[in-house]
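Scroll down for the structure; my scribbles are underneath it.
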Amino acid sequence: MRIIADYDRCEGHGLCVDQAPDVFDLDDECDLVHHFDGAEVPTEHEAAGRRAVDSCPVAALRLA
Ligand code: SF4
């Protein structure tokens with residue numbers, strides 16, 4: 001499972017970070033950091049990753 005992030009759409013509120021702190025983070029400027037961008041999300045983080053996708057209020061994350 002991969003998660004595609006639309007960095008232009010992201011508004012940096014961090015709901016995804018709350019759901020999946022091992023997958024996402026915000027840097028000091030509240031820009032999204034996707035630890036597995038372009039890579040498979042490790043199996044142990046998949047459930048949290050799906051919750052993060054569902055939590056994003058601006059649909060900046062999608063499964064691939
Ligand atoms: S929940 Fe969506 S808008 Fe908020 S930081 Fe995550 S990707 Fe960006």
Side-chain angles (χ1 to χ4, degrees):
M1 182 190 92
R2 292 183 182 215
I3 300 175
I4 308 297
D6 183 337
Y7 294 95
D8 291 332
R9 184 179 284 261
C10 174
E11 295 182 349
H13 301 302
L15 298 180
C16 60
V17 181
D18 292 341
Q19 294 297 324
D22 293 314
V23 180
F24 297 106
D25 203 352
L26 293 177
D27 68 13
D28 292 341
E29 297 178 343
C30 287
D31 288 329
L32 182 67
V33 177
H34 180 353
H35 295 303
F36 303 103
D37 196 358
E40 295 289 322
V41 175
T43 306
E44 64 268 32
H45 300 313
E46 281 192 1
R50 289 177 195 278
R51 289 197 299 273
V53 171
D54 290 342
S55 77
C56 181
V58 296
L61 303 174
R62 65 180 174 86
L63 298 176

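Side-chain atoms are counted along with the backbone in the values below, which use heavy atoms only and exclude waters and symmetry mates. Positions are given from 1 along the sequence. Order of listing sets the numbers, starting from 1, for every ligand and every atom in it.
- The distance from atom 6 (Fe) of ligand 1 to the nearest N/O/S atom of H13 is not under 2.8 Å.
- Under a 4.0 angstrom heavy-atom cut-off, G12 registers as being in contact with ligand 1.
- The protein non-hydrogen atom at the shortest distance from atom 2 (Fe) of ligand 1 is C56 SG, 2.2 Å.
- A distance of 12.0 Å separates CD of E11 from SG of C30, quoted to the nearest 0.5 Å.
- When side chains are defined from C-beta on, H34 counts as touching V23, because their heavy atoms get closer than 4.5 Å.
- To the nearest 0.5 Å, atoms CG (L32) and CG (L26) are separated by 6.5 Å.
- Proximity to V58 (heavy-atom distance under 4.0 Å) selects the following atoms of ligand 1: 3 (S).
- Of all the atoms in ligand 1, the ones that sit under 4.0 Å from a non-hydrogen atom of C16 are 1 (S), 5 (S), 6 (Fe), 7 (S).
- Every atom of ligand 1 is numbered from 1 in the order shown, and the set under 4.0 Å from a heavy atom of E11 is 3 (S), 8 (Fe).
- Taking atom 5 (S) of ligand 1 as the reference point, the nearest protein heavy-atom neighbour is G14 N, 3.2 Å.
- Residue C10 approaches ligand 1 through these ligand atoms, each under 4.0 Å from one of its heavy atoms: 3 (S), 5 (S), 7 (S), 8 (Fe).
- Judged purely by atom type and a 3.5 angstrom limit, R62 has no side-chain atom pairing as donor or acceptor with the backbone of V53.
- Shown in contact with L61 at under 4.0 Å from a heavy atom are these atoms of ligand 1, numbered in order with element: 7 (S).
- To the nearest 0.5 Å, the span separating CG on D37 from CD1 on I4 amounts to 7.0 Å.
- We find the CG-NE2 distance between D25 and H35 to be 4.5 Å, quoted to the nearest 0.5 Å.
- Listed by number with element, the atoms of ligand 1 under 4.0 angstrom from any heavy atom of L15 are 1 (S).
- Distance CD/E40 to CD/E46: 8.0 Å, rounded to 0.5 Å.
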